[in-house]
Amino acid sequence: MLRFGTAGLRGPLQDGPDGMNVDTVQRATAGLADWLRERCLGGGVVIVGRDARHGSAEFATATAEVLAAAGFSVLALPRPLPTPVVAFAVRELGAVAGVQITASHNPATDNGYKVYLSGGSQLIPPADTEIERHIEAVREPISRADPQPTSPDPQLLDLPPGTPVAELGEEIVRRYLDRVATLPARLGGSDAAPDAPNTGRTTPGSAKLPIPLRRNELRIALTPMHGVGGELAVAALHAAGFTDVQVVVEQFAPDPDFPTVGFPNPEEPGAADLLLALADRIDADLAIALDPDADRCAVALPGPDGRRMLRGDETGVLLGDFVLRDAPADALVATTIVSSRLLSKLAPARGARYAETLTGFKWLARAGNGLVYAYEEAIGHCVDPAAVRDKDGISAAVAAAELVARLRADGRSPLDLLDDYALEFGLHAGDQVSLRLTDQAAAAQVLDRLRENPPDAIAGTPVTCTDMAQVRGPMRTDALIFDAAAQRIVVRPSGTEPKLKCYLEVVEPVSSRAALPAAKQAAAQRLSDLRKYFENL
């Protein structure tokens, strides 16, 4: 049977309990319904959404109709929409749960089932194993209700308990876009309308902006990578004042076959080639790649050595610093054990608190009170946790555009800020080795071999090993951490794909701006040595 991993159930489109099919979806939904009723949440509102993958429409219909037959009031999103819209809708409407049919950035042969609980955060233990027990106990036949042909009240406030499946309508999409469009006025000390003079506004890495900020002059290249985020991303950017947005035409319309990419993940080598080509052609100031369900966002910037994609850790610390520029005193920022250590140094320097969690936004969204920003190195960013308690590629794209626009008005770029951080905290350079294996059991076997015989040194550097599976408390997980004074390596199996992931980070001291090139070269060599070590596991 498929099990709840880092982000819900995911698996290949195939028959049987270990595949994504209508029977699996019906049983999962019946188990979820039983679990909710056991907690006296029966009859409540549940949001159901979907992406545009193969099977998503059929699976979403089955989910909605099983929940309706179980006595819940089901609001189905009107069309294929990004995952963050479901997270937003659950929180905005006070729903008891939400389900999004999606496999995010998995291959075209996969689909999945993602569960949100009250408040719009993802499912966490022990709820996941409790629901799995309910799924195992489900017996045929599973009842499905007929959908209701009319939509509920546009204000979404007076839906009576037990209403069958109803289409939510475009109102919730408008509310989501309205929220995202206000980000520029709420981030980093800005409260002016687009294109208004902003003399006196603070910008990261500088004092006061000497010239007006003109968002409509920022040229943006964008791809939704054959997913469902293109239309909303362009609409959100336009609403925020960024009107010069040009898209990768070949990848703009949803296509469940993902014909132009081997794996529809902006982090995969070659996946962003069409985006970078467009950015070069139009001389874009910023290039943005969303994954297929638009909960992740990767960015690329022009620099002295050509245009390059930023690593998730680089974007993460840039947006974290940006959010903290106008955050309340003692605000909280968070990232995961596999992310860079740089945010843990920057946060206290900005008067903020820092938290570290296990991998996944199901943990990051619960990092603590006062959370204003969270990110994970796998290009996931939560820039507005008050509205979306999950990663959101569309709001992250708007925040990144705002940061680039402000720095550009001051004659700087985010790459300049990254150099500033190297001078302030040391150069933090990272990389990742992903060993794609036949199945998740094979990844576990490789990790077990390392666990049984951990190395004393890696690439010539002595290390100490911490087995996170032996740690007591909430940080216990299936991972190994190899630490050194200026080096950190985390090895863990992927929670969504048959991969073993090795997260690498080295730190080089930087005494002056003139010393930066040598520090970058030294870090690149150290990372290369580490890559070779782990590629040969």
Side-chain angles (χ1 to χ4, degrees), residues 1-39 41-51 53-77 80 83 86-87 89-90 95-104 106 109-118 120-145 147 164-165 293 295 360 362 390 440 495-497:
M1 190 180 86
L2 291 180
R3 302 285 175 178
F4 285 100
T6 305
L9 304 174
R10 288 189 192 173
L13 291 159
Q14 62 185 27
D15 292 337
D18 60 343
M20 281 295 297
N21 52 69
V22 171
D23 183 63
T24 293
V25 169
Q26 290 184 152
R27 293 176 66 86
T29 306
L32 172 63
D34 288 344
W35 182 85
L36 290 169
R37 286 185 300 207
E38 189 176 76
R39 277 144 189 80
L41 298 172
V45 173
V46 181
I47 309 298
V48 176
R50 64 182 175 95
D51 64 11
R53 283 178 175 266
H54 292 297
S56 287
E58 187 178 12
F59 298 161
T61 298
T63 300
E65 293 177 0
V66 170
L67 285 166
F72 291 87
S73 299
V74 182
L75 294 177
L77 293 185
T83 294
V86 172
V90 171
V96 299
V99 175
Q100 171 78 340
I101 304 299
T102 181
S104 189
N106 278 36
T109 52
D110 289 2
N111 212 322
Y113 186 98
K114 191 170 185 176
V115 176
Y116 291 92
L117 300 182
S118 177
S121 296
Q122 292 181 41
L123 190 65
I124 59 169
D128 51 3
T129 54
E130 291 170 356
I131 294 172
E132 285 173 353
R133 285 196 292 270
H134 280 282
I135 295 171
E136 290 172 341
V138 170
R139 296 292 178 262
E140 301 286 354
I142 300 171
S143 299
R144 290 173 62 164
V165 182
D293 71 332
D295 64 350
K362 63 184 182 182
D390 197 7
Q440 289 178 313
T496 58
E497 299 174 88

If we ignore hydrogens and angles and just use 3.5 Å, is the side chain of [X] paired with the main-chain N or O of [Y] as donor and acceptor?
X    : Y    : answer
R50  : F59  : no
D295 : D293 : no
R37  : A70  : yes

Check [X] against [Y] and note the closest heavy-atom contact, atom names and distance.
X   : Y    : value
W35 : A127 : CZ2-CB, 3.5 Å
A87 : D390 : CB-CB, 4.2 Å
D18 : D15  : OD1-O, 3.8 Å
N21 : G16  : ND2-O, 2.9 Å
F4  : Y113 : CE2-O, 4.4 Å
A69 : S143 : CB-O, 3.4 Å

[atom2] on [Y] to [atom1] on [X], rounded to 0.5 Å:
X    : Y    : atom1 : atom2 : answer
I131 : D34  : CD1   : CG    : 10.5 Å
R53  : L13  : CZ    : CG    : 8.5 Å
L2   : T24  : CG    : OG1   : 5.5 Å
E140 : Q26  : CD    : CD    : 7.0 Å
L9   : L32  : CG    : CG    : 10.0 Å
R27  : R139 : CZ    : CZ    : 7.0 Å

Check N106, D110, T102 against R10 for a side chain to side chain donor-acceptor pair (under 3.5 Å) and give me the one that passes.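 With R10 as partner, side chain to side chain donor-acceptor pair (under 3.5 Å) holds for just one option, N106.
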Heavy-atom side-chain contact between [X] and [Y] under 4.5 Å:
X    : Y    : result
E130 : R39  : yes
Y116 : L123 : no
V90  : Q100 : no
I47  : L75  : yes

Restricting to side chain to side chain donor-acceptor pair (under 3.5 Å), what partner residues turn up for S56, sequence neighbours left out?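 Scan of S56 (side chain to side chain donor-acceptor pair (under 3.5 Å), adjacent residues dropped) gives D51, N111.
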Enumerate the residue pairs fulfilling salt bridge (charged side-chain N to carboxylate O under 4.0 Å, His left out) with a member in residues 56-70, sequence neighbours excluded, ordered by first and then second residue.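 Output for this query lists E65-R144.
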Sole candidate of V25, V22, V66, T29 that passes side chain to side chain contact (heavy atoms under 4.5 Å, CB included) when paired with I142: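 The single option meeting the side chain to side chain contact (heavy atoms under 4.5 Å, CB included) with I142 is V66.
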